[in-house]
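A quick write-up on the structure given underneath.
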Amino acid sequence: MSTIDDVDVLAGRLDLNLLRVFMAVMQERSITLAGSRLGLTQSATSAAVNRLRQQLNDQLFVRTRQGMEPTSLAIALATPVGNALGLIRDALEESRGFDARTTAREFRLLMTDVGELMFLPRLTAWVHEHAPGVRLSCRQVPRDQYGAELETGGADLALGMLPLGERDFVQQRLKDETLVCLACAGNPVARKRLTMDAFLSLPHVVIRAPAMGDRFVVKALGERAGRRKIVAEVQHYLSVPMILRDSPFLAVVSTSVAAELAGPNRLAALPLPFKLEPLAIRQFWHKRWNNDPGHRWLRSGIVSLFGRAARR
DNA sequence: ACCACGATTGACACTCGCCT
DNA sequence: AGGCGAGTGTCAATCGTGGT
């Protein structure tokens with residue numbers, strides 16, 4: 001149990017700016033990057049980390065090949081410090097009121113390249129129109145790191161087909177997606193209903209992106225999946241329209257991705273010749289953001305743009 | 001051994017609060 | 001108002017580490 005003296009000591013010595021530096025280094029794993037994010041030089045950031053090291057009597061970050069790795073104390077502090085800074089920001093924002101027209105806030109989003117394709121064109125335009133000072137900062141991290149990123153404050157919100165079953169997270173279903181088959185508009189198969197025979201006999205371009213729905217196709221096809229002829233496997237979507245253009249190849253993508261890619265690339269989106277369960281697209285966040293006015297503003301904007309009631 | 005990159009350290013400047 | 005010290009910033013030099 002802490003005493004009055006403990007509180008006095010903390011109140012007298014602990015500087016919130018040092019905690020901001022701590023969280024920035026925790027998220028960037030680099031003194032230099034953390035400094036540039038905070039508008040400080042490398043040496044000022046290093047000095048700030050050193051002051052915190054002395055105050056907490058712990059190395060906090062150790063230099064390794066992977067960057068500045070946190071010590072066990074730093075890892076233990078990350079979540080409560082992140083929560084505390086979030087509460088302070090909430091309190092300040094609450095007292096001032098969140099004003100989308102004047103805020104200069106940065107929202108850090110996690111999504112896959114499919115997500116960027118699906119969300120960013122409309123979301124960026126909407127943010128620019130309603131909150132010209134807001135910056136969206138999007139990152140891709142491995143699927144299993146989403147929870148840690150949201151928990152430590154490395155990201156504010158995640159979007160996509162990535163359910164986080166863990167405690168302390170909130171998820172909101174935006175809409176259901178289905179998968180369709182993209183083919184060159186000149187492909188004879190694009191002029192009639194796609195049959196299972198045509199689907200299995202034509203060569204496929206398979207996208208092996210982290211959140212791609214090919215695993216659902218394999219599951220739905222069952223033992224027939226092995227009959228698919230795969231001509232190419234790619235990691236992301238950038239090259240897919242160029243590969244399909246003027247080719248006999250097929251690629252399975254979500255309806256939203258098909259809507260973005262088909263028109264400009266003279267491609268046709270064809271219903272699949274088999275049934276698939278709908279795929280839920282959600283937004284996820286840590287529960288500490290529930291009442292944050294800025295966060296609520298962004299979430300409701302995303303719902304209005306991409307929720308079930310939204311119309312293009 | 002050399003090089004590149006990034007963290008640390010030292011010297012110095014500036015600001016701010018406290019005291020006289 | 002002016003002196004003083006603490007805190008924190010920049011700049012430049014140095015150090016440590018990994019890659020070639």
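Letters A, B, ... are given to chains in the order of the sequence lines, protein chains preceding strands, and every chain is numbered from 1.
- Look at R108(A) and E149(A) and you find no salt bridge, because none of the NZ, NE, NH1 or NH2 atoms lies under 4.0 Å from a carboxylate O.
- For residues 178-198 of chain A, no pair satisfies side-chain hydrogen bond (donor to acceptor under 3.5 Å, both in side chains), with sequence neighbours left out.
- Between T41(A) and dG9(C) there is no side-chain polar atom (N or O) within less than 4.0 angstrom of OP1 or OP2.
- In this structure, a donor-acceptor pair under 3.5 Å is absent between the side chains of D292(A) and W297(A).
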Produce a footprint string for nucleotides 3-11 of chain B: one letter per nucleotide, 5' end first; B if the base is under 4.0 Å from any protein heavy atom, S if only the sugar-phosphate is, - if neither.
---BBBB--
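- At least one side-chain heavy atom of Q172(A) sits less than 4.5 Å from a side-chain heavy atom of V303(A).
- In this structure, the ring-ring contact (aromatic ring centres under 6.0 Å, His included) partners of H130(A), at least two apart in sequence or on a different chain, are W126(A).
- Side-chain nitrogen and oxygen atoms of R51(A) include at least one within less than 4.0 Å of the OP1 or OP2 phosphate oxygen of dT8(C).
- Residue E69(A) contributes atom CD, which lies 21 Å from atom P of dG16(C) at whole-angstrom precision.
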